Undergrad: 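First the structure, then my questions, so here it is.
Just the heavy atoms: all of them, side chains too, but no hydrogens, waters or symmetry mates, feed the values below. Keep in mind that this is a model prediction, so the values were computed, not measured. We name chains A, B, ... by the order of the sequence lines, and we start the count at 1 in each one.
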2 protein chains.
Amino acid sequence: MSGNSRFAVSVHILAYLAYRQGAAVPSKEIAASVATHPVVIRRLLAALVQAKLVVARKGAGGGFALTPAAAGCTLLDIYRAVEPKPVSGLAHFAPNHRCPVGAKIESILQSVFARAQSGMETELAQVTLAAVHAQLRPVCPGKK
Amino acid sequence: MSGNSRFAVSVHILAYLAYRQGAAVPSKEIAASVATHPVVIRRLLAALVQAKLVVARKGAGGGFALTPAAAGCTLLDIYRAVEPKPVSGLAHFAPNHRCPVGAKIESILQSVFARAQSGMETELAQVTLAAVHAQLRPVCPGKK
DNA sequence: TAAAAAGTAACAAATACGGTTACAAAAATG
DNA sequence: CATTTTTGTAACCGTATTTGTTACTTTTTA
């Protein structure tokens with residue numbers, strides 16, 4: 001798996017922002033929850049801003065907050081925002097095309113990987129950020 | 001993604017053995033089809049032998065061949081044979097448990113990953129090695 | 001003007017993986 | 001019995017990826 005912690009940390013970030021209910025949250029505070037360096041958080045947030053799940057405000061009192069779009073987003077949206085696109089074809093796999101098997105296996109495997117990926121994405125699409133937030137609610141202040 | 005080429009190469013290996021119809025195939029020959037080093041092939045075959053999908057015969061005239069069990073196996077069986085078990089929990093993800101979000105997010109993410117993995121495995125379970133072999137048939141000698 | 005914070009580049013350390021070499025063990029063959 | 005072939009492993013190198021960190025610029029607020 002390529003870096004799978006990108007996705008995990010991103011969900012954590014967005015869950016944290018949901019937990020903070022729209023306040024402008026600086027990367028330093030998020031980093032404390034994730035237990036890593038603020039720059040790591042800002043790197044991932046750059047992708048989430050590009051995907052319009054988060055807005056950033058610079059300067060004193062600034063920070064990050066969820067957009068309205070993020071309220072209804074699924075974990076698949078998050079996955080696609082932060083996970084680098086699977087490069088066309090398989091990594092480190094270049095069989096000998098002069099062998100009959102080597103010549104055909106690559107396209108077969110591509111369709112297999114497409115199926116597997118699609119199975120995974122179907123599951124991620126069924127979990128919303130709101131659902132993750134709801135599982136967090138018991139510890140959420142200001143909600144009864 | 002951890003090494004996804006382990007799985008891809010393993011499917012290639014087993015497809016090649018199917019293509020060779022039960023003959024004892026040395027790792028050198030398989031390596032030529034995969035375009036890699038024989039030791040890489042033998043390393044993966046060690047896992048496939050352990051999973052009883054392949055038998056190995058040492059010595060001159062030896063090599064590898066599919067077991068009867070391999071005839072009906074699915075790509076999920078191959079995946080499980082060669083893909084290192086997901087280490088309990090997420091790699092490189094150790095949130096701050098003194099933060100209410102950090103304390104809960106890990107178990108939430110674990111169930112998310114379990115779902116995603118299960119979606120992927122469901123797809124892999126629906127593709128048999130025989131089906132891959134069938135897609136290879138047009139180039140397979142000795143079959144009309 | 002000063003402080004706070006994002007944005008980003010650059011670099012270090014750790015990790016993982018593929019490829020390679022080397023060698024021991026086993027099995028067939030003459 | 002000696003030789004050859006081949007598996008089975010261990011060890012190592014180079015590369016790529018990822019995380020963490022430092023440093024600096026830009027923007028915004030007070």
Undergrad: Here's a test of your reading of the structure: between Lys28(B) and Arg43(B), which maps to the more 5' nucleotide of DNA chain D?
TA: Lys28(B)

Undergrad: With sequence neighbours excluded, tell me which residues meet salt bridge (Lys or Arg N to Asp or Glu O under 4.0 Å) with Arg80(B).
TA: Glu121(B)

Undergrad: Using whole Å, report how far CD of Glu83(B) lies from P of dA16(C).
TA: 14 Å

Undergrad: Check the phosphate of dC17(C) against Ser5(B), side-chain N and O only, distance under 4.0 Å to OP1 or OP2. Yes or no?
TA: no

Undergrad: If you take atom types as modelled and just measure distance, does the side chain of Arg6(B) reach the base of dG18(C) with a donor-acceptor pair under 3.5 Å?
TA: no

Undergrad: Restricting to pairs with a member in residues 59-72 of chain B, which pass salt bridge (Lys or Arg N to Asp or Glu O under 4.0 Å), not counting sequence neighbours?
TA: none

Undergrad: Enumerate the side-chain hydrogen bond (donor to acceptor under 3.5 Å, both in side chains) contacts for residues 91-102 of chain A, please, sequence neighbours excluded, ordered by first and then second residue.
TA: His97(A)-Glu106(A)

Undergrad: If every non-hydrogen atom of Val82(B) is compared with every non-hydrogen atom of Arg6(B), which pair is closest and at what distance?
TA: O-NE, 2.8 Å

Undergrad: Without placing hydrogens or testing angles, list every side-chain donor-acceptor pair under 3.5 Å for residues 62-76 of chain A, not counting sequence neighbours.
TA:
residue, atom, partner, partner atom, Å
Thr67(A), OG1, Lys52(A), O, 2.8
Thr67(A), OG1, Leu53(A), O, 3.3
Thr67(A), OG1, Ala69(A), N, 3.4
Thr67(A), OG1, Ala70(A), N, 3.3
Thr74(A), OG1, Leu76(A), N, 3.2
Thr74(A), OG1, Asp77(A), N, 3.4
Thr74(A), OG1, Asp77(A), OD2, 3.4

Undergrad: What is the distance, to the nearest angstrom, from the CG atom on Leu44(B) to the C1' atom on dG8(D)?
TA: 14 Å

Undergrad: To the nearest Å, give me how far apart CG (Asn4(A)) and P (dT18(D)) are.
TA: 10 Å

Undergrad: Quick test of your reading: applying side-chain hydrogen bond (donor to acceptor under 3.5 Å, both in side chains), list the pairs with at least one residue in residues 7-17 of chain A, sequence neighbours left out, ordered by first then second residue.
TA: His12(A)-Ser33(A), Tyr16(A)-Glu29(A)

Undergrad: Less than 4.5 Å apart, side chain to side chain, heavy atoms only: is that true for Glu123(B) and Met120(A)?
TA: no

Undergrad: Atom CD of Gln50(A) to atom C1' of dA6(C): distance rounded to whole Å?
TA: 15 Å

Undergrad: With axes from five pairs an end, tell me the bend angle of the helix from dT1(C)-dA30(D) to dG30(C)-dC1(D), nearest 10°.
TA: 10°

Undergrad: So, using side chain to side chain donor-acceptor pair (under 3.5 Å) as the criterion, who are the partners of Gln135(B) when residues are at least two apart?
TA: none

Undergrad: Grab the CD1-C1' distance between Ile30(B) and dT6(D) for me, whole Å please.
TA: 12 Å

Undergrad: Write down the distance between CG (Leu45(B)) and C1' (dT6(D)), rounded to a whole number of angstrom.
TA: 13 Å

Undergrad: Output side-chain donor-acceptor pairs under 3.5 Å for residues 35-43 of chain A, partner residues at least two apart or in another chain, one line each.
TA:
residue, atom, partner, partner atom, Å
His37(A), ND1, Val39(A), N, 3.2
Arg42(A), NH1, Ser27(A), OG, 3.0

Undergrad: Identify whether any heavy atom of His92(B) sits under 4.0 Å from a base atom; if not, whether one sits that close to sugar-phosphate; answer base, sugar-phosphate or nothing.
TA: sugar-phosphate

Undergrad: The side chain of His37(B) is closest to which nucleotide in this list: dA6(C), dG20(D), dT20(C)?
TA: dT20(C)

Undergrad: In whole Å, what is the span from the CD1 atom of Ile41(A) to the P atom of dA5(C)?
TA: 15 Å

Undergrad: Using a cut-off of 4.0 Å between protein heavy atoms and nucleotide atoms, how would you tag nucleotides 23-30 of chain D 5' to 3' with B, S and -?
TA: B---BBB-

Undergrad: Could you state the CD-P distance from Glu29(B) to dT7(D), rounded to the nearest angstrom?
TA: 10 Å

Undergrad: Would one find a side-chain N or O of Ser27(A) under 4.0 angstrom from OP1 or OP2 of dA5(C)?
TA: no

